[in-house]
Number of protein chains: 2
Amino acid sequence: MKPQNRKDEIVKAAAKLFKKKGYSAVTMRDLATALGIKAASLYNHINSKQELLNTIIISIAEEFTNEMNSIKNADTATAQKLTDIVELHIKIASENTYGMASLNNDWMHLEDQLEYYLTLRNGYEEDFRNIIKAGIKHKEIVDENPEIILFSLLSTLRSLYLWIPKKEALDKNSLSKSLSHILIKGINS
Amino acid sequence: MKPQNRKDEIVKAAAKLFKKKGYSAVTMRDLATALGIKAASLYNHINSKQELLNTIIISIAEEFTNEMNSIKNADTATAQKLTDIVELHIKIASENTYGMASLNNDWMHLEDQLEYYLTLRNGYEEDFRNIIKAGIKHKEIVDENPEIILFSLLSTLRSLYLWIPKKEALDKNSLSKSLSHILIKGINS
DNA sequence: AATTTTAACTAACACCTGTTAGTTTAAGCA
DNA sequence: TGCTTAAACTAACAGGTGTTAGTTAAAATT
């Protein structure tokens, strides 16, 4: 119905500010100033500050969930699934750097949608865990504690949003190759 | 002079709240309530909310800097230095889980001490980078982009504070061994 | 040309923020 | 016992918070 153009601009500006200062430290007056308007004018397009956070975080969380579904159901070896996951994180972190910051740092300020978000996150982690466990079972992955492996991989992948924007020189394909290599085969020579 | 006992309790309670909600979302009334007193009473012991954040973050940053100095100057092989760094992060994340959250997520809200903090952090990362580069030079580490290796290792190590408190079953020694193994030798079998 | 819609505005609200000033209470010490 | 100190308290402040109500001006639609 309504053209959501202006609303999208507001969401984008909000995500950018949320990355820089965190959700709680950003005021609606900050956001309005960044867009060159007055705070009250924002409410012609959005319903609340909370809604901005919900929109930003949930859309990314759902994207992760959907893509993970494809990866886990594909008929591929563990190493390929892991590489696919690395690529997925690189893609989302590249396309939505600002949103990833909110997802990582401000998810606890979700209110109505907090429970839903946690369901999505737990499902994603459970799928990831099962891929690792299957890999260990089929001797494709070293027999270490799967929780430690999961933690280690997820920590790096979740932090990509901090790092990718600083290294624009690096193209996504070679980053994906190098990172997969380092995470899977280690750094030992 | 003054016994700092009560002040320490306040700093500790603050760090705990800052981890849960972030610096900006924690009010002095929240903090006081957590300690069973009124907000104004806090000011018998501390000078400002800002001072709490400074105290929490800077003490940890200095600890990292000091320990990194020992590690880099030791006459040890690259693999040993990396293991030492893993152990250092595990130690600090175990002893100061709450503080690590502030250091990771709220450093941008430092004001007077922001510049000093960034100097410490850049120094730490530069030392880490040089250890990796030397390892590559001496063929102890695979010849991948040192920036990617640094990013990957640091991401995992910086996230330990989120994970260690959830896995109290695991003792620090075996965690250190497993994690070093995974980070250095990879997860390939 | 008349009407509706879009998107800005000003003014104001009720409440929350960090912090200060001055006071009270009880314990430790002379 | 009288004095000092530690650590709480109440009351208040000046400014910031998200948000609402009602208005205006220009663009789009009829």
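Numbers restart at 1 for each chain; the letters A, B, ... are given by sequence-line order, proteins then strands. Nothing here was measured: the structure is a model prediction, and the numbers come from that model. Hydrogens, waters and symmetry mates play no part in the numbers below; they use all other heavy atoms, side chains included.
Side-chain atoms of B:Glu62 and B:Tyr117 form no donor-acceptor pair, as typed in the model, at a separation below 3.5 Å.
Of the charged side-chain nitrogens involved, none lies within less than 4.0 Å of a carboxylate oxygen, so that B:Glu87 and B:Lys177 do not count as a salt-bridged pair. Between A:Glu147 and A:Arg129 there is a salt bridge, since a side-chain N of the basic residue sits under 4.0 Å from a carboxylate O of the acidic one.
Nucleotides of DNA chain D nearest to A:Asn47 and A:Ala25 differ in position, and the one nearer the 5' end is that of A:Ala25. When the nearest nucleotides of DNA chain D are assigned to A:Val26 and A:Asn44 by heavy-atom distance, the more 5′-ward of the two goes with A:Val26.
For the pair A:Ile10 CD1 and C:dT6 P, the interatomic distance rounds to 14 Å; values are reported in whole Å. A straight line from CD1 of B:Ile37 to P of C:dG18 spans 14 Å, rounded to a whole angstrom. Protein atom CG of B:Leu17 is 12 Å distant from nucleotide atom P of C:dG18, rounded to whole Å. In this structure, the NZ atom of A:Lys49 is 16 Å from the P atom of D:dG16, given to the nearest Å. A:Leu52 has its CG atom 12 Å from the C1' atom of D:dG18, to the nearest Å. One interatomic measurement links the two molecules: OH of A:Tyr43 to C1' of D:dT23, which rounds to 19 Å at whole-angstrom precision.
In this structure, B:Lys38 does not reach the D:dC9 phosphate: none of its side-chain N or O atoms is under 4.0 Å from OP1 or OP2. Phosphate contact (OP1/OP2 of C:dT6, side-chain N/O of A:His45, threshold under 4.0 Å): absent. Neither OP1 nor OP2 of D:dA7 sits under 4.0 Å from any side-chain N or O of B:Ser41.
A:Glu140 contributes a side-chain N or O that, together with a main-chain N or O of A:Thr78, makes up a donor-acceptor pair within less than 3.5 Å.
Picking from D:dC9, C:dT17, C:dA8 the nucleotide with the shortest atom distance to the side chain of B:Arg29 gives C:dT17. The B:Thr27 side chain lies nearest to C:dT17 when the options are D:dA7, C:dT17, C:dC9.
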